[in-house]
Amino acid sequence: MLPSLRHRLIITAAAIAGAMIWLLVRESLMSADGGTGLSLFSARVGAVAAMGIILCAGIPVLMLGLVTSTTGNPLSGIFAVAAGLTLLAWRGGPIDGWMRGHDLPGGYLTLMGEVVLWHVGVISLLIIIQALREPMHARFPALAFNEHLGKDVKVTWPTAASLAAAGACAVVGGGLAWTFIKYSASGQVVWSLIIAFTIGAMVAQSMFPQSNPFGVLIGPMVVALIAYGWVLMHYSGHTQVLRAHYEGQLPGIALALPIHYASAGIIGCTLGLGWAQTIDSAPQRNAAAKAASEPGST
């Protein structure tokens with residue numbers, strides 16, 4: 001079933017509170033030259049300090065995600081955290097300023113490293129939620145006010161099925177994102193990634209149903225690595241990359257920064273996984289409802 005109204009309100013409140021926390025650190029994470037596009041490796045405070053700021057801001061955001069997951073689907077906490085982070089990515093602006101301020105195409109190599117770091121953070125967040133969710137239920141039983149889909153969601157070591165799901169999510173989500181993203185404006189990039197990876201995650205979970213979301217959640221990272229690697233191999237100079245960008249020749253998936261993939265892309269993945277679970281559980285719920293309505297049932 002879909003989240004209850006009460007749980008949806010909790011998710012919304014957590015996302016809004018998280019967004020306010022992320023926005024507090026926005027100025028520190030912007031580039032020194034004031035250009036648009038938020039990247040940890042080009043932050044005015046330096047890469048190490050930027051990662052420290054993200055970790056510090058992430059602690060209260062993690063707590064919000066933990067409470068959200070404790071009251072419902074474990075993935076709901078990831079959704080709330082990613083939703084708040086999406087506002088920071090949106091306010092950071094498009095990739096244009098980052099491109100003008102970096103040596104291209106070599107700058108895309110730093111983006112490859114950064115997108116891996118962001119997704120390690122996403123998986124680590126889910127592992128922490130997974131470890132603390134049941135103790136939170138035991139300590140605060142009132143938080144578990146309803147039964148929810150996905151309570152068996154569990155990150156494990158990658159399996160063949162989870163890697164296949166990663167491939168399916170990347171192919172479908174990446175293909176759709178390539179089609180949808182026509183220019184670098186933040187709204188275009190964010191909404192395109194959300195829609196593309198919602199569909200990609202639904203397809204991946206339907207093809208390879210499992211409780212381990214690892215493969216689907218790294219789908220956006222796989223797409224980003226392919227896009228950034230393609231730019232590195234296809235172009236040889238700064239001017240050539242900028243000309244391709246302004247002439248609309250760069251693939252849309254190369255116009256999204258790592259923070260876009262780690263926020264909007266992850267939102268899409270959690271939505272797609274949740275809806276796939278809902279669809280998959282419909283026959284069982286219908287059968288249970290029919291059995292309960294039959295005469296003599298208890």
Side-chain angles (χ1 to χ4, degrees), residues 1-26 29 38 53-92 118-155 186 190-191 193-195 197-198 201 213-214 216-217 220 259-278:
M1 62 184 178
L2 294 174
S4 65
L5 175 60
R6 181 160 49 168
H7 191 218
R8 276 177 272 177
L9 291 174
I10 291 174
I11 293 171
T12 302
I16 293 173
M20 296 303 102
I21 294 171
W22 290 125
L23 288 178
L24 290 175
V25 302
R26 173 179 172 271
L29 299 177
L38 193 155
I53 288 171
I54 289 294
L55 287 174
C56 291
I59 293 174
V61 175
L62 167 63
M63 297 307 298
L64 292 168
L66 177 59
V67 171
T68 304
S69 292
T70 301
T71 58
N73 189 311
L75 292 174
S76 63
I78 300 295
F79 172 88
V81 172
L85 187 62
T86 297
L87 183 58
L88 175 62
W90 193 315
R91 291 291 303 276
W118 276 111
H119 281 76
V120 167
V122 170
I123 298 300
S124 299
L125 176 61
L126 186 54
I127 291 173
I128 293 171
I129 289 175
Q130 176 180 293
L132 297 181
R133 186 169 179 262
E134 290 306 319
M136 285 283 286
H137 280 163
R139 181 68 178 83
F140 305 103
L143 291 178
F145 51 73
N146 203 354
E147 291 296 325
H148 298 273
L149 288 172
K151 62 183 180 180
D152 61 338
V153 167
K154 186 175 183 180
V155 175
S186 294
V190 165
W191 284 110
L193 290 176
I194 291 174
I195 295 171
F197 282 103
T198 296
F214 175 86
V216 171
L217 291 178
I259 193 172
H260 293 128
Y261 282 104
S263 57
I266 294 298
I267 286 178
C269 289
T270 56
L271 287 174
L273 283 168
W275 284 342
Q277 289 175 346
T278 300

Next on the checklist: Is there a side chain to side chain contact (heavy atoms under 4.5 Å, CB included) between V61 and W22? Walk through the geometry before answering.
Outcome noted: CA-CA 8 Å; V61 175; W22 290 125; 3.9 Å; yes
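Using a 4.5 Å heavy-atom cutoff, the side chains of L29 and I259 are not in contact. Inter-residue side-chain proximity for V122 and Y261 is flagged as unmet; no heavy-atom pair is nearer than 4.5 Å. Side chains of L38 and R91 form no contact here, defined as non-hydrogen atoms less than 4.5 Å apart.
Of all the heavy atoms in A83 and A15, the pair that sits closest is CB-CB, 3.8 Å. Considering every non-hydrogen atom in both P74 and L126, the closest pair reads O-CD1, 4.2 Å. Among all heavy-atom pairs drawn from A201 and G272, the shortest one is CB-CA, 3.8 Å. Nearest heavy-atom pair across L217 and H119 is O-CD2, 3.4 Å. Of all heavy-atom pairs spanning V155 and Q130, the tightest one is N-OE1, 2.5 Å. Contact record, A262 with A82: O-CB, 4.4 Å, taken as the closest heavy-atom pair.
Going from atom CD1 of I11 over to atom CZ of R6 covers 13.0 Å, rounded to the nearest 0.5 Å. To the nearest 0.5 Å, atoms CG (L85) and CH2 (W90) are separated by 14.0 Å. How far OG1 of T71 is from CG of L66: 9.5 Å, rounded to the nearest 0.5 Å. Between atom CD1 of residue I194 and atom SG of residue C269 there is a gap of 11.0 Å, rounded to the nearest 0.5 Å.
Every residue two or more places apart in sequence or in another chain that forms a side chain to side chain contact (heavy atoms under 4.5 Å, CB included) with I128 is listed here: L62, L132. For L64, the side chain to side chain contact (heavy atoms under 4.5 Å, CB included) partners two or more places apart in sequence, or in a different chain, are A14, A17, I21. Residues passing the side chain to side chain donor-acceptor pair (under 3.5 Å) test with T86, sequence neighbours excluded: none.
None of I195, I266, T198, L75 except one satisfies the side chain to side chain contact (heavy atoms under 4.5 Å, CB included) rule with L271; the exception is T198.
Formation of a donor-acceptor pair under 3.5 Å by the S76 side chain with backbone atoms of T68 is found in this model.
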